[in-house]
There are 2 protein chains.
Amino acid sequence: MSKGVNLKELSNRLQLSQTTVSRALNGYPEVSAETRRRVAEMAEKLGYAPNSQARRLATGRSMAIGHVIPRSIHEMMNPIFLEFIAGAGETYSKHGYDMIISVVEDDHEEDAYRQIASRKKADGVIIHGPAADESRHRLLREINLPFVVHGRIPGAENETSWVDMNNRRAFERATNLLLDLGHKRIALLNGLEHMDFARRRRVGFEDALAARGLAPDTGIMRSSDMTEPYGCDNAMEMLRSANPPTAFLVSSMISAIGVARAIGQCGLETGKDVSIITHDDALSFLPNSGEVPIFTCTRSSVRYAGQRAAELLLDHIADPEREPSSLHLDAELIVGQSTGPAPDR
Amino acid sequence: MSKGVNLKELSNRLQLSQTTVSRALNGYPEVSAETRRRVAEMAEKLGYAPNSQARRLATGRSMAIGHVIPRSIHEMMNPIFLEFIAGAGETYSKHGYDMIISVVEDDHEEDAYRQIASRKKADGVIIHGPAADESRHRLLREINLPFVVHGRIPGAENETSWVDMNNRRAFERATNLLLDLGHKRIALLNGLEHMDFARRRRVGFEDALAARGLAPDTGIMRSSDMTEPYGCDNAMEMLRSANPPTAFLVSSMISAIGVARAIGQCGLETGKDVSIITHDDALSFLPNSGEVPIFTCTRSSVRYAGQRAAELLLDHIADPEREPSSLHLDAELIVGQSTGPAPDR
DNA sequence: GGGCGCTTTCAAAGCGTTTTGGGCAAGAAT
DNA sequence: ATTCTTGCCCAAAACGCTTTGAAAGCGCCC
């Protein structure tokens, strides 16, 4: 309760050595029960808390996990990123780790990782938003910094630890649902396809079509930053075309909201004239629940992914010899109000 | 470029004392130009970077700023929070500071601050989302942890440093615009009114009405978490009532999108039959720009607020004697497509 | 040629922990 | 009666940096 007591003062007050006090507080066995009690009591009374810098220096572990986030990624993935962070943060604090976030200029990302390693700022990092031509994992391996990927690095699935949802499968199932409902012309509003997750989603979409002998029509397939206007503008354009799609498969709730707006502006009704399935990351400020969710969706909690990715990383730090391990999360396919049978024509 | 060189090795290699090497690298004057050059060269060659824990311990400054974010706040303010963080993060890295984020259970927030102070985890913190009955600033003062508030603490405006936008004024101006357009029945969809910012917005709204001799109708004023369904459900209910509003003043883009959806579902047209003005925090994934923005809005960049708040805090840490200083940002009032003259009736 | 000031360097003392390598009893085993 | 455990505790050495206080070298002045 009082201020600024350090280990030396505390042990003086107790007439004990720093060693014993330290051991008592850190739960080592070679301390008598009585002494441990006395120490705990006095520590509480004087409000002792170990200086974390000193402890980190002495133990050689920084007890922190780094997240480096280049401005551009953050612009793109903003809300998803935070939700992930929140999940990871819960795990960290549960295990006494700190989370340190570096916002860096895009071309300084590599520098940021090198600094984290050389200055010993963190014991590990999480790679966000792996691209199709990812290379960060090589750097991290080179500088010997443990990491876990949120998503997957194509070609390195077996040699890295990762947490990802089954993007391909989710979009395959979603497409199948639309096909089962009789939709023949399905538009795909995907995320940026230099990102690994977007590629996999597209493959799932195409696989489902191919399984029914349908060829994808690139005229109604788009790939971009997943903003609201992106959804609206592209849907609008397609709906006004000669041969409009009857269904949209959309990569994010935010864009899906844009699509719904476009449908409304065309005087059509979502779920009746035009169907939408979106991927729902279960963001807290965009709830899509209720008795019947507004959007039919593939849902996978990105916050949960954050928790688990953090756990994997912490495990890996605790035991560096362990083989890389991974978690493949399946998305739920949830039927809401935004889908219905394809209209007759 | 190589790994794990520390100061001792580096100075051995140079046949110099650690003192001199340290001084050379940290830019102290009492080092000859020639020596400084040699040191820099060798440091580069061996890839030396000072261990940050050791440095922090030696200097007594942790070179980090803490952001503690209780789960509940984060659920509410999710995207805004991240945008602020991103801004602050830019400032931190520019000044060599780390940003550490603690996600804590709601009832552990106070603990989190105490820990930051007693374990010396950060040199200062930022208070997010001040409430009407705020008390964190007292705790922080008691434990002597420098801080800056994002927003304002009612009653403590002069004794704390803060960065806030002029919420009252923004909503007053927005309301005036609607009144000027002939709207008489204006609904307010506000954020949670135990939050300071929401209160101020409501006051601005009421002031504008009062100035024209109008009394607010609490039947069309709501206060809640600013989600999309919140906007849609409440707008829907009001629009279907006997005496529906002709305009909505909304506290966030996300809810405004919900309102627009409700308007569409009622077969009405936004900007024609019903007007909307929303507050726009300039979130990157919800751009509201273009030639004519979709939404008429009061706009203020929360990312910019983050940058400036961080600067204020860093200044304050550098010179603890300095008087608290503050920044009052004015929101722009930007006319978009969602407003028009009140329909005749 | 001793004193003085200036520049440049160094050895050593922190910073606040953890950890290493004993030490000293008291009881157990030989 | 000696040697081994076992349980509990300690002094001192890390950890890798910054900073203090001193000193060496050198030119210059009186």
Side-chain angles (χ1 to χ4, degrees), chain A residues 3-40 42-43 46-64 96 98 115-123, chain B residues 3-40 42-43 46-64 96 98 115-123:
Chain A
K3 76 308 216 65
V5 201
N6 61 16
L7 188 57
K8 198 203 273 188
E9 290 183 53
L10 177 59
S11 46
N12 279 346
R13 281 288 289 266
L14 285 161
Q15 295 282 59
L16 285 172
S17 74
Q18 298 192 26
T19 309
T20 304
V21 175
S22 173
R23 294 204 144 131
L25 292 172
N26 290 319
Y28 283 74
E30 56 273 76
V31 173
S32 76
E34 165 60 9
T35 305
R36 193 186 300 281
R37 197 193 51 69
R38 271 182 62 219
V39 170
M42 184 64 83
L46 301 186
Y48 168 76
N51 178 306
S52 39
Q53 328 297 351
R55 178 195 286 234
R56 296 191 226 261
L57 177 58
T59 58
R61 328 201 329 135
S62 70
M63 295 302 284
D98 285 340
Q115 288 222 355
I116 288 176
S118 61
R119 319 180 93 110
K120 303 268 162 46
K121 286 199 172 186
D123 297 326
Chain B
K3 78 303 218 67
V5 202
N6 60 19
L7 186 59
K8 198 202 272 188
E9 290 183 53
L10 177 59
S11 45
N12 279 347
R13 281 287 288 266
L14 285 161
Q15 296 280 60
L16 285 173
S17 73
Q18 299 192 25
T19 310
T20 305
V21 176
S22 172
R23 292 206 147 129
L25 291 172
N26 290 320
Y28 282 73
E30 54 275 75
V31 174
S32 76
E34 166 62 8
T35 305
R36 193 187 299 279
R37 197 194 50 70
R38 273 183 60 220
V39 170
M42 184 64 81
L46 300 186
Y48 169 77
N51 178 304
S52 39
Q53 329 298 350
R55 181 197 285 241
R56 296 191 224 261
L57 178 57
T59 59
R61 327 201 330 133
S62 70
M63 295 302 282
D98 286 339
Q115 287 221 357
I116 288 175
S118 61
R119 320 180 93 108
K120 303 266 159 45
K121 288 200 170 184
D123 297 327

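Small disclaimer: the values here were computed from a predicted structure and weren't measured. Here is the naming used below: chain letters follow the sequence lines, and residue numbers restart at 1 for every chain.
Nucleic acid contact for R56(B): none, since no nucleic acid atom lies under 4.0 Å from a heavy atom of the residue. Across all strands, Q18(B) comes closer than 4.0 Å to base atoms (heavy-atom distances). Within the 4.0 angstrom heavy-atom criterion, no nucleotide atom of any strand lies near A24(A). Contacts of T19(B) with the nucleic acid, taken as non-hydrogen atoms under 4.0 Å apart, include base atoms.
Rounded to whole Å, the distance from CG on L25(B) to P on dC17(D) is 10 Å. Summarising the geometry, the separation between CG on L7(A) and P on dA11(D) is reported as 13 Å, rounded to the nearest angstrom. The CG-P distance, from L57(A) to dC17(D), rounds to 9 Å in whole Å. Atom NZ in K8(B) sits about 15 Å away from atom P in dT18(D), given to the nearest Å. What separates CG of L46(B) from P of dG16(D) is a distance of 16 Å, to the nearest Å. Rounding to whole angstrom units, CZ of residue R23(A) and P of dG7(D) are separated by 14 Å.
Judged by distance alone, with hydrogens and angles left aside, the side-chain atoms of R119(B) form no donor-acceptor pair with the main-chain N or O of A49(A) at under 3.5 Å. Of the possible polar contacts, one joining the T59(A) side chain to the R55(A) backbone as a donor-acceptor pair under 3.5 Å is found. Using modelled atom types, one side-chain atom of Q53(B) and one backbone atom of K120(A) make a donor-acceptor pair closer than 3.5 Å. A side-chain donor-acceptor contact under 3.5 Å links R36(B) to the backbone of A24(B). Under a 3.5 Å cut-off, the side chain of D123(B) and the backbone N or O of R61(B) do not form any donor-acceptor pair. In this structure, the side chain of N12(B) does not engage the main chain of Q15(B) through any donor-acceptor pair within 3.5 Å.
For DNA chain C, the residues of residues 26-39 of chain A within the heavy-atom distance limit of 4.0 Å (strictly under) are N26(A), Y28(A), sorted by number.
There is a side-chain donor-acceptor pair under 3.5 Å between S32(A) and T35(A). A donor and an acceptor atom, one from each side chain of S17(B) and T20(B), are located under 3.5 Å apart.
Nearest heavy atom pair, residue M42(A) against residue L10(A), reads CG-CD1, 3.5 Å.
The outermost nucleotides of DNA chain C lying under 4.0 Å from heavy atoms of chain B, listed 5' to 3', are dT8(C) to dG16(C).
At dC10(D), one or more side-chain N or O atoms of T20(A) fall inside 4.0 Å of OP1 or OP2 (strictly under the cut-off).
Between V21(A) and P50(B), the residue anchored nearer the 5' end of DNA chain D, judged by the nucleotide with its closest heavy atom, is V21(A).
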